[in-house]
Amino acid sequence: MNGFPRVQFASPVRTERTASILGLALGVTFGICFATGLYSHLLQNQPPWFTAPARPAGLYRVTQGIHVATGIASIPLLFAKLWAVFPKLFRWPPFDGFLHAVERIALVPLVGGSVFELLTGVANINLWYPWPFSFRTAHYWVAWVTIGALVVHIAAKWSTTRRALAAPVANTSASEAPAAATDRRAFLGTVFGASGLLVLLTVGQTVRPLQKLALLAPRRPDAGPQGFPVNRTAAAAGVLEAAHDPNYRLVVEGRVKQRLELSLDDLGGMHQHDAVLPIACVDGWSASQHWSGVPVRDLLRMAGARDDATVTVHSLQRHRAYRTSELDVAQAHDRDTLLALRVGGEPLHMDHGYPLRLIGPNRPGVLQAKWVTRLVIR
Ligand SMILES: Nc1nc2c(c(=O)[nH]1)N[C@H]1C(S)=C(S)[C@@H](COP(=O)(O)O)O[C@H]1N2
Ligand SMILES: [Mo]
């Protein structure tokens with residue numbers, strides 16, 4: 001016997017079937033998480049070939065809720081999967097042949113990427129950024145690396161997995177105690193149970209009927225001024241003074257026949273349109289609110305903008321991210337894309353964007369600019 005503690009690795013739970021079932025589950029959660037993440041990224045960095053649909057208005061709240069939920073569900077699955085295959089990482093010789101070497105090398109980005117994505121994701125929804133890089137950029141690019149490695153892994157494990165899933169008996173040798181199969185089932189039951197429980201205790205941040213259960217969610221969708229959360233306060237954005245300036249004006253300029261400069265009274269005197277729309281934060285919480293204000297398209301018409309005009313919305317905020325937000329043609333002209341003056345029947349709270357905020361259908365929360373002061377038309 002050499003010094004390697006072999007016996008510690010022995011567990012009836014560590015079978016190909018266990019690993020395959022967990023792998024399959026992770027393939028599903030990662031696949032969904034990747035697709036919804038990609039959609040979110042496209043909305044936030046619209047390439048010319050992609051137009052965000054303005055309807056259904058609550059689509060992003062659903063896709064991003066699913067993104068965060070599948071990410072959270074993956075945490076116990078990933079731990080369990082790593083535990084189940086752990087002894088295999090120390091096999092000797094490390095690989096037999098070229099293809100096997102490729103498969104083994106792909107484990108580095110696969111495991112590293114998976115752990116990175118889940119860790120940064122959880123940190124982000126807790127508004128905790130203990131790293132020097134941009135969360136969004138890193139989370140996005142590492143997702144591609146991870147999914148690439150996952151495709152290699154799935155291709156390599158396809159037949160093993162099918163075999164392991166199709167013939168459970170083949171994995172149960174005659175000498176195996178019946179208790180082993182029970183152990184295995186109990187193990188998987190615990191892992192899937194933990195996954196389900198984590199989702200159940202967080203998803204209430206966006207699914208209203210489960211709100212009371214959202215004990216582990218960093219945000220309660222009903223906690224905050226006027227009954228919903230704030231990500232960046234007016235003080236943190238450094239706009240307290242500018243927002244209270246009696247000379248506040250909304251400026252509409254750029255490619256227009258007539259430049260507009262409107263005071264709060266001017267805006268309040270215009271036709272007010274009502275819409276029920278959610279704030280759907282990328283962090284996975286959402287809160288539906290009753291907004292009221294001036295449709296952007298009314299301002300476009302007033303200023304004599306073109307029918308295919310797009311808009312850049314500018315905030316009073318001077319520093320840091322989310323100061324500006326783009327409206328594509330569909331969203332700029334949607335009847336429910338508003339510069340809201342009121343929410344829930346009251347003037348906006350400072351932290352929700354007083355005096356004026358952008359709110360539109362099917363937009364990530366980060367694009368719903370607060371403290372709006374200027375529209376630049378193109
Ligand atoms: N100017 C500005 N607008 C902003 C932000 C910001 O930091 N600055 N944060 C955005 C984010 S991330 C979200 S989720 C929503 C939150 O809106 P609320 O604070 O009214 O809930 O505002 C968005 N609008
Ligand atoms: Mo957000």
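Side-chain atoms are counted along with the backbone in the values below, which use heavy atoms only and exclude waters and symmetry mates. Read the numbers this way: they start at 1 and go in the same order the structure lists the ligands and their atoms. For reference, positions follow the sequence shown, starting with 1. Note that the structure is a prediction, hence the values are computed from the model and not measured.
Taken from CG in N362 to OH in Y60, the straight-line distance is 9.5 Å, to the nearest 0.5 Å.
Taking Ile, Leu, Val, Met, Phe, Trp and Tyr as members and joining any whose side-chain heavy atoms lie under 4.5 Å apart, directly or through other members, the hydrophobic cluster of L127 also contains F116, Y129, W131, F133, F135, V142.
The contact shell of ligand 1, taken as protein residues with any non-hydrogen atom closer than 4.0 angstrom, comprises F228, P229, V230, N231, R232, I279, C281, W285, S315, Q317, Y322, D351, H352, R357, G365, V366, Q368, A369, K370, W371.
Judged as a salt bridge (charged side-chain N to carboxylate O under 4.0 Å, His left out), the pairs with a partner in residues 335-358 (not counting sequence neighbours) are, in order, R55-D336.
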Could you walk me through whether E261 and R374 pass the salt bridge (Lys or Arg N to Asp or Glu O under 4.0 Å) check? CA-CA 9 Å; E261 245 190 79; R374 197 155 65 97; over 6 Å; no
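The ring-ring contact (aromatic ring centres under 6.0 Å, His included) check on F50 picks up nothing, with sequence neighbours excluded.
At a threshold of 4.0 Å, the pair R220-D222 does not count as salt-bridged, since none of the basic side-chain nitrogens sits closer than that to a carboxylate oxygen.
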